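If you're wondering where the values come from, they're calculated on a predicted model, not measured in any experiment.
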Amino acid sequence: MAASNFELLRRYLRHWAEPDQFYRALSDRAVSSLDLPLTGRRILDLGCGRGWDSDALTSAGAEVVALELSEELLRARRPEGAPQVLADGRRTPFADGTFDGVYCSNVLEHTPDIPGLLDEIGRVTTEGGWAWISWTNWYSPVGGHEIMPFHYLGPERGTRWYRRVVGEPKQNLVGDGLWPVHIGDVLELVRAHPTLELMDARPRYYPSQRWIISVPGVREVLAWNCAMTLVRRRSPRGGS
């Protein structure tokens with residue numbers, strides 16, 4: 001059974017000491033909530049991290065390829081039944097239309113080139129296939145990752161104050177592993193994309209409140225984490 005919001009919060013508060021328990025529960029819940037075809041489908045877990053999402057997708061019946069840019073993360077743990085690929089998500093080694101679906105969890109805030117990542121997702125997804133993309137928006141309470149809540153002071157000032165009060169951030173430095181990402185900007189990019197079509201956008205942790213995503217400003221704070229479902233457009237067939 002997927003973890004409840006309360007259980008996820010409890011595990012999150014302990015995730016510094018027990019990270020695997022939190023991320024395993026988060027992955028199981030995310031995959032169990034997908035209303036997308038998985039059984040027998042070839043799925044790319046783009047930005048797989050330690051592979052918990054790959055495990056959950058495999059358990060749901062998908063044929064998973066786990067791709068990660070960080071060699072350290074890729075070596076930290078091997079997903080069950082999913083081949084691993086070390087590559088940049090913006091320049092993958094796969095042919096056009098290789099995958100029936102692309103699963104991309106909490107990656108956008110860790111890339112400086114979101115348009116490039118979207119282009120590659122569109123390229124490797126088969127026509128009519130899907131992409132599920134989630135990310136932590138900058139103005140959410142956890143948007144600054146390690147430097148929260150100082151991120152509300154802005155990327156540069158917030159980092160300076162974190163260093164002054166807490167010390168040097170150990171990971172996800174702003175501009176080197178972490179970039180501010182805003183929901184409105186991402187939705188605008190997707191709506192203008194030539195091959196990807198937006199089907200749905202909602203708060204990841206409380207999807208019934210999707211109205212939040214339609215309210216500029218409010219969504220940047222209240223969504224915490226935004227999840228989008230996209231479909232790869234089909235090319236026109238035939239001539240005039």
If hydrophobic clusters are built from ILVMFWY residues whose side chains come within less than 4.5 Å, do [X] and [Y] share one?
X    : Y    : answer
V218 : I183 : no
V190 : I114 : yes
V186 : I121 : yes
V102 : M199 : no
W211 : Y205 : yes

I need the minimum non-hydrogen distance between [X] and [Y], along with the two atoms involved.
X    : Y    : value
G116 : R90  : C-CG, 4.0 Å
P203 : I213 : CD-CG1, 3.8 Å
T58  : A82  : OG1-CB, 4.4 Å
I212 : A223 : CG2-N, 4.2 Å
L117 : C104 : CD2-SG, 4.3 Å
V31  : A60  : CG1-CB, 4.1 Å

Are more than 12 heavy atoms from other residues, nucleotides or ligands located less than 6.0 Å from atom [atom1] of [X]?
X    : atom1 : value
W161 : CH2   : no
Y139 : OH    : no
Q209 : CD    : yes

Under a plain distance cut-off of 3.5 Å, with no hydrogens placed, do T126 and D100 share a side-chain donor-acceptor pair?
no

Are side-chain N/O atoms of S134 and R204 paired as donor and acceptor at under 3.5 Å?
yes

Would you say [X]'s side chain and [Y]'s backbone share a donor-acceptor pair under 3.5 angstrom?
X    : Y    : answer
T111 : L108 : no
E220 : G184 : yes
E127 : S235 : yes
S140 : N137 : yes

Please tell me if the side chains of [X] and [Y] come closer than 4.5 Å, counting only heavy atoms from C-beta onward.
X    : Y    : result
Y162 : R160 : no
V124 : E120 : yes
M228 : D200 : no
I147 : V174 : yes
K170 : E146 : yes
P115 : L118 : no
L198 : V231 : no
T125 : W130 : no

Residues pairing under ring-ring contact (aromatic ring centres under 6.0 Å, His included) where one sits in residues 73-96, two or more places apart or in two chains, turn out to be F94-F99

Legend entry - R219 vs S214, side chain to side chain contact (heavy atoms under 4.5 Å, CB included): CA-CA, chis, key distance, verdict: CA-CA 7 Å; R219 62 191 174 199; S214 66; 5.8 Å; no

Reported [atom1]-to-[atom2] distance for the pair [X] and [Y], which is rounded to 0.5 angstrom:
X    : Y    : atom1 : atom2 : answer
D53  : S105 : CG    : OG    : 4.5 Å
E71  : Q84  : CD    : CD    : 10.5 Å
T159 : L178 : OG1   : CG    : 8.5 Å
S59  : D28  : OG    : CG    : 7.5 Å
L173 : Q171 : CG    : CD    : 9.0 Å
L67  : C48  : CG    : SG    : 7.0 Å

task: Assess whether side chain to side chain contact (heavy atoms under 4.5 Å, CB included) is satisfied between H193 and D119, documenting all intermediate values.
output: CA-CA 8 Å; H193 200 273; D119 287 346; 2.7 Å; yes

Please tabulate, for side-chain N and O atoms in residues 40-47, each donor-acceptor pair with protein atoms closer than 3.5 Å (sequence neighbours left out).
unit_1, atom_1, unit_2, atom_2, d
D45, OD2, S54, N, 3.1
D45, OD2, S54, OG, 2.6

Kindly assign one of parallel, tilted or perpendicular to the pair H145 and H110, based on the angle between their ring planes and the thresholds 30° and 60°.
perpendicular

If you take the centroid of each ring, where Trp contributes its six-membered ring, are H151 and W138 closer together than 6.0 Å? yes

(Q) Looking only at the aromatic ring of each residue, does the gap between the centers of Y103 and W132 stay below 6.0 angstrom? (A) yes

request  = Test side chain to side chain contact (heavy atoms under 4.5 Å, CB included) on L230 and I133 and set out the steps.
outcome  = CA-CA 8 Å; L230 314 177; I133 303 172; 3.6 Å; yes

Exercise. Does the side-chain hydrogen bond (donor to acceptor under 3.5 Å, both in side chains) test come out yes or no for N106 and N225, once each step is laid out?
Worked result: CA-CA 8 Å; N106 292 350; N225 189 289; 2.8 Å; yes

key: Lys/Arg N to Asp/Glu carboxylate O, R191 vs E188, below 4.0 Å   = no

Note to self: With a 4.0 Å cut-off on N to O distance, would you call R163 and E168 a salt bridge?
What the structure shows: yes

